[in-house]
Amino acid sequence: MSEPEQDIILVENGAVFEITINRPKVNAIDTPTSRKMGQAFIHFRDNPDLKVCIITAAGEKIFSAGWDLKSLDSGAAQLDNWWENEDASLGGFAGITEVWNLNKPVIAALNGLTIGGGFEIALACDLIIAAEHVEFALPELPLGLIPDAGAMQRLPKRLPYNIALEMLYLGRRMPAAEAARYGMINKVVPADQLMTTARQWAAQLAQVAPLALQSIKEVLRAVDGESIRDSFHKMRNDKLPTYREMLRSSDAAEGVKAFVEKRKPDFRGQ
């Protein structure tokens with residue numbers, strides 16, 4: 001599936017779904033584009049043939065500048081309680097910042113400057129690969145705003161608290177290499193290897209039994225913020241349908257059998 005002239009380009013490559021933001025010059029996201037991305041993530045979530053998603057952007061300089069401020073200035077989008085005009089089923093800004101029922105992994109392949117809402121998109125992904133020239137920043141405060149699509153919630157969990165505040169208060173840019181040293185992102189690669197690396201990771205994940213792959217996010221989300229003891233209790237006793245289905249699945253039995261027989265397992269998502 002491909003939409004080469006659209007604000008987002010959607011491509012299915014076997015079990016891998018690729019979303020490319022395509023709004024030059026800065027890949028800013030207005031309300032219609034945000035909703036299209038939400039619909040794309042719903043398609044990814046609900047299609048059993050799709051196992052992994054890669055989100056990236058067109059061009060080489062900017063992954064995304066976040067919200068389209070021109071649409072705010074023109075009145076085409078509102079600022080006060082902006083989320084009230086969003087369909088809650090579409091996962092918040094960009095379709096991913098507030099989606100709580102997407103258990104499949106999403107890889108961010110960052111091709112350039114990742115700022116504001118673009119940074120918040122990346123923080124909402126499960127794995128982050130950045131080209132060497134990528135920088136991160138949150139420039140909202142000088143505009144009289146704060147980043148309210150996930151940076152307030154996620155950034156202090158990815159960075160030392162004082163460093164997160166430095167980015168929030170001062171808006172300073174953080175190079176990809178520094179972000180990797182803090183563990184905020186997974187990997188830094190030359191720009192010409194960005195998509196190759198992302199696709200290699202996606203291909204590796206696509207070989208995993210689907211229910212096991214999806215159980216990771218389901219369990220991690222359920223135990224977030226709990227003590228180790230309480231997280232064990234939640235995993236053993238809470239309603240975690242994907243995890244429970246995985247334990248009973250024929251794929252789990254197949255994985256064990258294939259290991260014993262020293263062959264590649266034939267996972268079918270059952």
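The two residues S231 and I228 make their nearest non-hydrogen contact at OG-O, 2.7 Å. Here the closest non-hydrogen pair linking L123 and A151 is CD1-CA, 4.1 Å. Taking each heavy atom of G92 and T97 in turn, the nearest pair found is C-OG1, 3.8 Å. Residues A258 and K264 come closest through the heavy atom pair CB-C, 4.2 Å. The two residues P210 and K51 make their nearest non-hydrogen contact at CG-CE, 3.8 Å. Across all non-hydrogen atoms, the minimal contact from A130 to I185 is CB-CD1, 3.8 Å.
Under a 3.5 Å cut-off, the side chain of R45 and the backbone N or O of N101 do not form any donor-acceptor pair. Without hydrogens or angle criteria, S64 side chain to N27 main chain gives a donor-acceptor distance under 3.5 Å. Between the side chain of H133 and the backbone N or O of N111 there is at least one donor-acceptor pair closer than 3.5 Å. Side-chain N or O atoms of N237 include one that pairs as donor or acceptor with a backbone N or O of H233 at under 3.5 Å. Between the side chain of N47 and the backbone N or O of D49 there is at least one donor-acceptor pair closer than 3.5 Å. S34 places no side-chain N or O within donor-acceptor distance of the main-chain N or O of D30, the cut-off being under 3.5 Å. In this structure, E120 contributes its side chain and A149 its backbone to a donor-acceptor pair below 3.5 Å. Looking only at distances, no side-chain donor or acceptor of N103 sits under 3.5 Å from a matching main-chain atom of I216.
The shortest side-chain heavy-atom distance between I8 and T20 does not fall under the 4.5 Å cut-off. In this structure, the side chains of L90 and Q39 come closer than 4.5 Å at one or more pairs of heavy atoms. Between W201 and N186 the shortest side-chain heavy-atom distance falls below 4.5 Å. Between I29 and M37, the closest side-chain pair of non-hydrogen atoms falls below 4.5 Å. Put simply, the side chain of D7 does not reach to within 4.5 Å of the side chain of I21, judged on heavy atoms. With contacts defined as side-chain heavy-atom distances shorter than 4.5 Å, the pair Y169/L141 qualifies. A heavy-atom distance below 4.5 Å is found between the side chains of L213 and P105. C125 is listed as a side-chain neighbour of I96, based on a closest heavy-atom distance under 4.5 Å.
In the hydrophobic cluster analysis, where Ile, Leu, Val, Met, Phe, Trp and Tyr join through side-chain heavy atoms closer than 4.5 angstrom, L170 is grouped together with Y161. In the hydrophobic clustering of ILVMFWY residues, with side-chain heavy atoms under 4.5 Å counting as a link, W67 and L168 come out together. In the hydrophobic clustering of this structure, F41 does not group with V16; members are Ile, Leu, Val, Met, Phe, Trp, Tyr whose side-chain heavy atoms approach within less than 4.5 Å, directly or through other members. Cluster annotation: L138 is connected to F63 through the hydrophobic network of ILVMFWY side chains, with a link wherever side-chain heavy atoms come within less than 4.5 Å. Linking ILVMFWY residues whenever their side-chain heavy atoms come closer than 4.5 Å, directly or via other members, leaves L143 and I115 in distinct clusters.
Considering CD of E218 and CE of M235, their distance stands at 11.5 Å, rounded to 0.5 Å. Taking CZ of F136 as the reference point, atom CE of M167 lies at 8.0 Å (rounded to 0.5 Å). How far OG1 of T33 is from CG of D68: 8.0 Å, rounded to the nearest 0.5 Å. With rounding to the nearest 0.5 angstrom, the CE atom of M174 is 7.5 Å from the CG atom of L155. To the nearest 0.5 angstrom, L113 atom CG is 10.5 Å from L110 atom CG. Taken from OG1 in T242 to CD in Q214, the straight-line distance is 6.0 Å, to the nearest 0.5 Å.
Taking 4.0 Å as the cut-off between side-chain N and carboxylate O, D126 and K104 do not count as a salt-bridged pair. By the 4.0 Å N-to-carboxylate-O rule, D251 lies too far from K257 to be salt-bridged with it. Under a 4.0 Å N-O distance rule, the pair E254/R268 does not qualify as a salt bridge.
Q204 CD: 12 or fewer foreign heavy atoms inside a 6.0 Å radius. The neighbour count for K187 NZ, taken as heavy atoms of other residues, nucleotides or ligands under 6.0 Å away, does not exceed 12. Around the CD atom of E166, the shell of radius 6.0 Å holds more than 12 heavy atoms that belong to other residues, nucleotides or ligands. No more than 12 heavy atoms of other residues, nucleotides or ligands shown are found within 6.0 angstrom of CZ on R229.
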Verdict with supporting geometry, L211 and Y243, side chain to side chain contact (heavy atoms under 4.5 Å, CB included): CA-CA 7 Å; L211 292 172; Y243 171 61; over 6 Å; no
What's the verdict on side chain to side chain contact (heavy atoms under 4.5 Å, CB included) for Q6 and N22, showing C-alpha distance, side-chain angles and the deciding distance? CA-CA 7 Å; Q6 302 301 314; N22 184 40; over 6 Å; no
Can you check side chain to side chain contact (heavy atoms under 4.5 Å, CB included) on I121 and I55, steps first, answer last? CA-CA 9 Å; I121 293 170; I55 182 166; 4.0 Å; yes
List the steps and the verdict of side chain to side chain contact (heavy atoms under 4.5 Å, CB included) for E18 and T56. CA-CA 8 Å; E18 295 186 9; T56 189; 5.7 Å; no
Test E178 against R172 for salt bridge (Lys or Arg N to Asp or Glu O under 4.0 Å), laying out the working first. CA-CA 12 Å; E178 182 182 357; R172 76 134 169 134; 2.8 Å; yes
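Applying salt bridge (charged side-chain N to carboxylate O under 4.0 Å, His left out) to D224 and the options K157, K234, K217, R154 leaves one that passes, K157.
By the 30° and 60° cut-offs, the orientation of the rings of F17 relative to F44 is parallel.
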